[in-house]
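So the structure is just underneath, and the comments pick up after that.
Remember, it's 1-based here, ligands and their atoms both numbered in the order they're listed.
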Amino acid sequence: MSKNILILYKSKTGFTKKYADMIAEETGGTAMDFKEGTPELLSSFDRVLLGSRMHAGRIEGLPKVRRLFLKSSVRLSALFVTGAMPNTERKTIEEMWKNNLTREELSSLPHFYLQSGLCYEKMNFTDKAIMKVFSFMLKRKNNKTPDEIGFAEAIAHSYDISSREYLGPLLKHLSEN
Ligand SMILES: Cc1cc2nc3c(=O)[nH]c(=O)nc-3n(C[C@H](O)[C@H](O)[C@H](O)COP(=O)(O)O)c2cc1C
């Protein structure tokens, strides 16, 4: 596997950074905060990956990332996104990709979802407030599905369902391309 891999990440409560650090460990690459990314830096690496988080159905910071890559001759090699939903929520994850990526990105940009969790201790005030409202609305919803009941219980507290094992498909992709 090429060692010249840059893993840029946007992370507020640490899950995406944790996965970025694991990818760096597994590939011999360099993990770095997205804020440090410049067109010059990008072009000094063979491959550049980006990790971000789900935020109310959106992949956070994607427009900014697109602008950065437009200024550089480097193409994004792969995208990984962390979120509180378990990997088994395939339909919702599929919808999320469709709502966030362009048609071209859907077909040409390898993308991977990585379940993570929630960390209220590290959340800022606004995010805590959004989660409180969301949690309240879900609790009050009538005729909840068993999944929704489980999710409502889960998001009432911090939890961590991240694991190195979920990096399998992404690492396989990197080793084959
Ligand atoms: C306000 C808010 C909205 C969120 N929206 C979603 C969401 O739509 N889907 C999801 O799977 N996770 C959602 N999450 C969970 C985060 O995506 C998850 O905790 C992520 O791994 C955080 O990444 P970070 O620790 O790198 O900042 C949300 C979290 C917050 C605080």
Side-chain angles (χ1 to χ4, degrees), residues 5-27 29-37 48-65 68 76 78-102 105-106 109-141 144-171:
I5 298 179
L6 175 65
I7 306 117
L8 286 177
Y9 61 81
K10 284 178 78 70
S11 187
K12 290 268 167 63
T13 64
F15 289 111
T16 315
K17 179 182 186 313
K18 187 170 144 192
Y19 275 122
D21 286 340
M22 285 183 202
I23 299 168
E25 265 172 50
E26 297 284 344
T27 61
T30 306
M32 203 179 278
D33 194 307
F34 175 78
K35 287 186 210 130
E36 319 273 327
V48 184
L49 267 58
L50 177 88
S52 188
R53 67 165 178 166
M54 285 303 300
H55 194 250
R58 313 302 307 171
I59 300 173
E60 194 167 71
L62 207 50
K64 230 182 200 174
V65 169
L68 173 66
L76 187 59
L79 169 72
F80 64 96
V81 173
T82 70
M85 304 178 266
N87 293 336
T88 46
E89 291 288 325
R90 288 180 201 280
K91 249 177 119 176
T92 317
I93 294 167
E94 211 40 57
E95 277 302 303
M96 177 278 280
W97 292 126
K98 278 193 200 147
N99 292 338
N100 281 276
L101 300 185
T102 63
E105 285 166 341
L106 280 171
L109 173 64
H111 44 279
F112 303 87
Y113 177 80
L114 302 169
Q115 69 178 42
S116 58
L118 282 173
C119 182
Y120 284 98
E121 293 75 16
K122 293 186 193 161
M123 250 178 235
N124 65 23
F125 177 80
T126 317
D127 277 352
K128 264 189 205 154
I130 297 173
M131 286 309 298
K132 230 180 190 170
V133 173
F134 179 65
S135 193
F136 178 75
M137 280 164 51
L138 192 55
K139 253 189 212 153
R140 289 201 40 177
K141 187 174 181 258
K144 286 194 278 289
T145 65
D147 277 356
E148 283 172 336
I149 294 170
F151 196 52
E153 277 165 16
I155 65 171
H157 309 281
S158 295
Y159 64 94
D160 184 350
I161 48 169
S162 64
S163 168
R164 191 178 286 261
E165 70 181 284
Y166 303 130
L167 288 175
L170 190 157
L171 295 175

Check: Would you find a donor on one side and an acceptor on the other, under 3.5 Å apart, between the side chain of H111 and the backbone of L109?
Finding: yes
Notebook entry, point to check: side-chain contact (heavy atoms from CB on, under 4.5 Å) between D21 and K18: does it pass, once the steps are laid out?
Noted result: CA-CA 5 Å; D21 286 340; K18 187 170 144 192; 5.8 Å; no
Note to self: Give the residues near ligand 1 by chain and number, with the criterion being a heavy-atom distance under 4.0 Å.
What the structure shows: S11, K12, T13, G14, F15, T16, R53, M54, H55, A56, G57, T82, G83, A84, M85, Y113, S116, G117, L118, M123, D127, I130, M131
Checklist line | Stepwise side-chain contact (heavy atoms from CB on, under 4.5 Å) test for E60 and K12 | finding: CA-CA 10 Å; E60 194 167 71; K12 290 268 167 63; 3.6 Å; yes
Checklist line | Any donor-acceptor pair under 3.5 Å from K144 side chain to K139 backbone | finding: yes
Check: Restricting to pairs with a member in residues 149-158, which pass side chain to side chain donor-acceptor pair (under 3.5 Å), not counting sequence neighbours?
Finding: E121-S158
Notebook entry, point to check: Are any side-chain N or O atoms of E36 and backbone N or O atoms of D33, one a donor and one an acceptor, separated by less than 3.5 Å?
Noted result: no
